[in-house]
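See structure below.
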There are 2 protein chains.
Amino acid sequence: MSGDTLSGLTRNQTLVLSALERAGAPLSAYTILDQLREEGFRAPPQVYRALDKLVEMGAVHRLESINAFVACRHPDCEGHETAAFAICETCGQVRELNDAHLAHHLRDLAGKDGFVVRKSTVELRGTCATCQAAA
Amino acid sequence: MSGDTLSGLTRNQTLVLSALERAGAPLSAYTILDQLREEGFRAPPQVYRALDKLVEMGAVHRLESINAFVACRHPDCEGHETAAFAICETCGQVRELNDAHLAHHLRDLAGKDGFVVRKSTVELRGTCATCQAAA
DNA sequence: GCTGACATGTTATAAGATTACATTGTTGCG
DNA sequence: CGCAACAATGTAATCTTATAACATGTCAGC
């Protein structure tokens, strides 16, 4: 292997993951790119390639409904293909909801028609407790 | 009112909805645009404006995970904000799953943390029964 | 030192969505 | 009628998100 830094991550992967962990909230690929210009990043593929791998290995989730990426908080949990997310539209914070029940329920629901689920996207947009209280 | 054609839809809204109904499958905004060039469509806003209204009134759903739009098959059902979709990655067909249980479950799950859901996105990608059998 | 595999760098472009502004059309009303 | 007000439409430009294609670098093992 070549540019290892930590537990099998390459330099670019490490940088992208750190940026997401630092943010503690979802970032768009282009925001990450901007934050890593000082580290030498210059073009989108550098970010997207790292993100692809990180998503593949379960360290990062893609939030399809807002075209953004967020570091996974349960690096050791099972259901990376079936996680659900609660996205606060006020503060941008994301909570990862892990519920095996839900995954099962979805599989069953679709399965009634003979549909086989490969990947499920569950994203709830609304207001988190904190922002609710502040309103 | 101005360009009415049917039940309160304007000309452009009618054209866009017809295109989606004709397709019987999800279309991207730009595909719709291309299909409506002969009817005089020339720029994205004409499509997006119509789509916005149609989504708002529940006649069309936006599939966030594939950046596409699909005509709603249950024009009279309740849960337009909580519908779930099974999207076949082989044939492109979409099945709309309506399950009040699921909506409740999601609200409860998020609600444990005090999160209030405004809109939920549930999209399952996989293989439909037909394509499964053909494999 | 060569080679094969993988990571990286770089340019360009595709695809999706919105902003801003000009134009037209309808309606209500003096 | 004439005109103001508003809704829908048309149009150009731009912005954001994502990928394709190709060049370069790096290291392991022979």
Side-chain angles (χ1 to χ4, degrees), chain A residues 1-20 23 26-57 59-70 87 92 121 123 125, chain B residues 1-20 23 26-57 59-70 87 92 121 123 125:
Chain A
M1 214 170 281
S2 53
D4 272 348
T5 300
L6 215 148
S7 60
L9 293 185
T10 67
R11 168 177 162 80
N12 285 2
Q13 286 161 17
T14 305
L15 287 168
V16 167
L17 183 54
S18 308
L20 284 172
L27 298 178
S28 80
Y30 278 76
T31 301
I32 296 172
L33 175 57
D34 284 342
Q35 292 192 4
L36 295 180
R37 295 232 183 246
E38 297 195 346
E39 322 289 338
F41 274 49
R42 318 200 121 243
Q46 296 174 282
V47 176
Y48 281 107
R49 283 199 282 240
L51 285 171
D52 285 350
K53 297 283 185 178
L54 290 166
V55 167
E56 200 176 283
M57 57 207 274
V60 165
H61 293 286
R62 175 186 207 127
L63 301 176
E64 323 242 23
S65 67
I66 58 173
N67 294 319
F69 301 83
V70 68
I87 306 166
T121 296
E123 301 178 12
R125 271 154 301 154
Chain B
M1 215 169 282
S2 54
D4 273 347
T5 300
L6 216 147
S7 59
L9 294 186
T10 67
R11 168 178 161 81
N12 286 2
Q13 287 161 16
T14 304
L15 287 168
V16 168
L17 183 54
S18 306
L20 285 171
L27 298 178
S28 80
Y30 278 74
T31 302
I32 296 171
L33 175 58
D34 285 342
Q35 292 193 5
L36 295 180
R37 294 232 184 248
E38 298 196 346
E39 323 289 339
F41 274 49
R42 318 200 122 242
Q46 296 174 283
V47 176
Y48 282 107
R49 282 198 283 239
L51 285 172
D52 284 350
K53 297 285 185 174
L54 290 167
V55 167
E56 199 176 284
M57 56 206 275
V60 165
H61 292 286
R62 173 184 210 131
L63 301 176
E64 323 242 22
S65 67
I66 58 172
N67 295 318
F69 300 83
V70 68
I87 305 167
T121 295
E123 300 178 13
R125 270 152 303 152

*Give the rounded distance in Å between these two atoms: CG of A:Leu51 and C1' of D:dT16.*
15 Å
*Among D:dA18, C:dT19, C:dT10, the one nearest A:Pro45 by side-chain distance*: C:dT10
_For atom CG of B:Leu27 and atom P of C:dG16, their distance in whole Å_ = 11 Å
*Length of the line joining B:Leu15:CG and D:dA8:P, which is rounded to integer Å*: 15 Å
*Does A:Ser28 make a side-chain N or O approach to OP1 or OP2 of D:dT17 shorter than 4.0 Å?*
yes
_Can you identify which nucleotide, out of C:dT10, C:dA17, D:dA18, has its nearest atom closest to the A:Arg62 side chain?_
D:dA18
*Which sits closer to the 5' end of DNA chain C, A:Arg42 or B:Asn67, going by the nucleotide each is nearest to?*
A:Arg42
*Which residue, A:Thr31 or B:Gln13, contacts DNA chain D at a nucleotide closer to its 5' end, judged by nearest heavy atom?*
B:Gln13
*asked:* Rounded to whole Å, how long is the line connecting atom CZ of A:Arg37 with atom C1' of C:dG9?
replied: 13 Å
*asked:* Closer than 3.5 angstrom, by distance alone: can the side chain of A:Glu123 be matched with the main-chain N or O of A:Ile87 as a donor-acceptor pair?
replied: no
*Just how far, in rounded Å, is P of C:dG16 from CD of B:Gln46?*
18 Å
_Taking 4.0 Å as the cut-off, does a side-chain nitrogen or oxygen of B:Thr10 come that near to OP1 or OP2 on D:dA7?_
no
*asked:* With a 3.5 Å cut-off and heavy atoms only, can you find an N or O donor on one side and an acceptor on the other between the side chain of B:Arg11 and the base of C:dG25?
replied: no
_Taking 4.0 Å as the cut-off, does a side-chain nitrogen or oxygen of A:Tyr48 come that near to OP1 or OP2 on D:dA18?_
yes
*Side chain proximity check, A:Leu51 to A:Arg62, heavy atoms < 4.5 angstrom*: no
*Among D:dT19, C:dG9, C:dA17, which nucleotide sits nearest the side chain of A:Asn12?*
C:dG9
*Distance-only donor-acceptor test (3.5 Å): side chain B:Tyr30, base C:dA14*: no
*Salt-bridge criterion met for B:Asp34 and B:Arg37 (N-O under 4.0 Å)*: yes
*Looking only at heavy atoms, which two atoms of A:Gly8 and A:Gln13 are closest? And how far apart?*
O-OE1, 4.2 Å
*Rounded distance in Å - CD1 (B:Ile32) to P (C:dG16)*: 11 Å
*Using atom CD1 of B:Ile66 as one end and atom P of C:dA15 as the other, report the distance to the nearest whole Å.*
16 Å
*Spacing between B:Leu33 atom CG and C:dG16 atom P, to the nearest angstrom*: 11 Å
*Under 3.5 Å donor-acceptor, A:Gln46 side chain and A:Asn12 backbone*: no
